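Note that the coordinates shown come from a computational prediction; the quantities given were computed from them, not determined experimentally. This chain uses plain numbering: 1 for the first residue, then up along the sequence.
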Amino acid sequence: MTYASSIVSGVALKHSPLPILHDPALVEVARRLYAMRKIRDDLLGTSLFSEPAWDILLDLFISDDDGLRLSVSAVCIGARAPSATALRYLTMLQDSGLVERTRDERDGRRSHVQLTTLGRRRMTGLLARMVDV
């Protein structure tokens with residue numbers, strides 16, 4: 001078990017009804033957050049802020065709604081971090097049960113990454129709370 005999985009597994013969700021898992025309003029929130037991260041990096045620099053795990057989760061949430069399957073390399077690019085750092089965070093997210101990798105059926109050298117059901121529910125719940133704040 002990694003550090004990240006011990007943190008995520010310790011997060012308790014309230015026993016309230018979960019929002020709809022494919023709510024367009026929540027996808028729009030995710031898109032705006034992802035875009036704002038890029039603007040923040042452009043204006044304030046990347047050396048002050050780095051959240052590869054958050055960028056990965058937002059990217060996968062948005063891509064899932066768009067019906068896109070992201071390769072590991074695409075996820076690393078979307079994380080806006082060096083490849084080794086992005087891969088490390090991807091592994092932590094996978095160990096936490098929030099994302100999963102699946103082998104490409106056509107090219108065994110390539111893997112795709114997607115949110116797990118747990119990851120989708122947690123992101124949906126978090127984004128819904130941001131809307132309600």
Side-chain angles (χ1 to χ4, degrees):
M1 178 185 286
T2 65
Y3 174 71
S5 61
S6 64
I7 291 172
V8 173
S9 63
V11 174
L13 293 177
K14 291 183 177 180
H15 294 288
S16 60
L18 287 173
I20 299 168
L21 292 181
H22 288 281
D23 184 339
L26 298 183
V27 175
E28 183 57 30
V29 169
R31 286 184 200 283
R32 295 183 82 185
L33 286 168
Y34 192 73
M36 185 51 93
R37 293 259 309 113
K38 180 168 181 0
I39 292 168
R40 183 183 76 182
D41 288 350
D42 290 346
L43 293 175
L44 301 175
T46 57
S47 62
L48 294 173
F49 305 100
S50 179
E51 300 174 278
W54 182 235
D55 287 334
I56 290 169
L57 291 171
L58 287 171
D59 198 11
L60 291 173
F61 188 85
I62 295 164
S63 297
D64 182 50
D65 190 73
D66 290 344
L68 300 174
R69 293 177 58 199
L70 297 183
S71 66
V72 170
S73 57
V75 169
C76 289
I77 292 167
R80 297 188 196 107
S83 293
T85 302
L87 287 169
R88 187 171 57 252
Y89 277 93
L90 184 57
T91 299
M92 288 191 288
L93 290 168
Q94 189 175 356
D95 290 347
S96 300
L98 298 175
V99 304
E100 63 186 356
R101 293 185 208 196
T102 55
R103 286 266 182 226
D104 187 321
E105 295 173 5
R106 294 183 187 158
D107 184 350
R109 298 169 296 174
R110 195 162 95 165
S111 294
H112 294 282
V113 183
Q114 64 187 26
L115 291 173
T116 61
T117 301
L118 174 65
R120 182 91 185 151
R121 285 188 180 175
R122 295 259 172 107
M123 285 297 292
T124 299
L126 177 61
L127 293 168
R129 287 182 185 173
M130 289 179 173
V131 171
D132 291 338
V133 170

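Remark: Glu28 engages no residue in a salt bridge (charged side-chain N to carboxylate O under 4.0 Å, His left out) (not counting sequence neighbours). For the salt bridge (charged side-chain N to carboxylate O under 4.0 Å, His left out) test, no residue two or more places apart in sequence or in another chain qualifies with Arg106. A search for side chain to side chain donor-acceptor pair (under 3.5 Å) contacts involving Ser83 returns nothing, not counting sequence neighbours. Considering only residues two or more places apart in sequence or on other chains, Asp104 meets the side chain to side chain donor-acceptor pair (under 3.5 Å) condition with Arg110, His112. Checked against salt bridge (charged side-chain N to carboxylate O under 4.0 Å, His left out), Asp55 has the following partners two or more places apart in sequence or in another chain: Arg37, Arg80. A search for salt bridge (charged side-chain N to carboxylate O under 4.0 Å, His left out) contacts involving Arg40 returns Glu51, not counting sequence neighbours.
Few gaps surround CZ on Arg101; more than 12 heavy atoms of other groups in view lie less than 6.0 Å from it.
Between Thr91 and Asp95 the shortest side-chain heavy-atom distance falls below 4.5 Å. Here the side chains of Leu57 and Val99 are in contact, with some heavy-atom distance below 4.5 Å. Looking at Leu58 and Met123, their side chains come closer than 4.5 Å, going by heavy atoms from C-beta outward. The closest side-chain heavy-atom distance from Thr124 to Leu26 is below 4.5 Å.
Side chain of Arg120 to main chain of Phe61: a donor-acceptor pair is present (N/O by atom type, distance under 3.5 Å, no hydrogens or angles). Here the side chain of Ser111 pairs no donor or acceptor atom with the backbone of Val72 at under 3.5 angstrom.
Ile77 is not connected to Leu33 by any chain of hydrophobic side-chain contacts under 4.5 Å among Ile, Leu, Val, Met, Phe, Trp and Tyr, and they are in different clusters. When the side chains of ILVMFWY residues are joined at heavy-atom separations under 4.5 Å, either directly or via intervening members, Met130 and Leu115 end up in a single hydrophobic cluster. No path of Ile, Leu, Val, Met, Phe, Trp and Tyr side chains, each step under 4.5 Å between heavy atoms, connects Leu68 with Tyr34, placing them in separate hydrophobic clusters. A single hydrophobic cluster is not seen to contain both Phe49 and Ile56; linkage of ILVMFWY side chains at heavy-atom distances under 4.5 Å, directly or through other members, places them apart. In the hydrophobic clustering of ILVMFWY residues, with side-chain heavy atoms under 4.5 Å counting as a link, Leu43 and Met36 come out together.
We find the CZ-CD1 distance between Arg32 and Ile39 to be 9.5 Å, quoted to the nearest 0.5 Å.
Residues Pro52 and Thr85 approach most closely at CG-CG2, 4.1 Å, considering heavy atoms. Closest approach of Asp59 and Ala74 over heavy atoms only: OD2-O, 4.3 Å. Minimum heavy-atom separation, Leu118 to Ser96: CD2-O, 4.2 Å.
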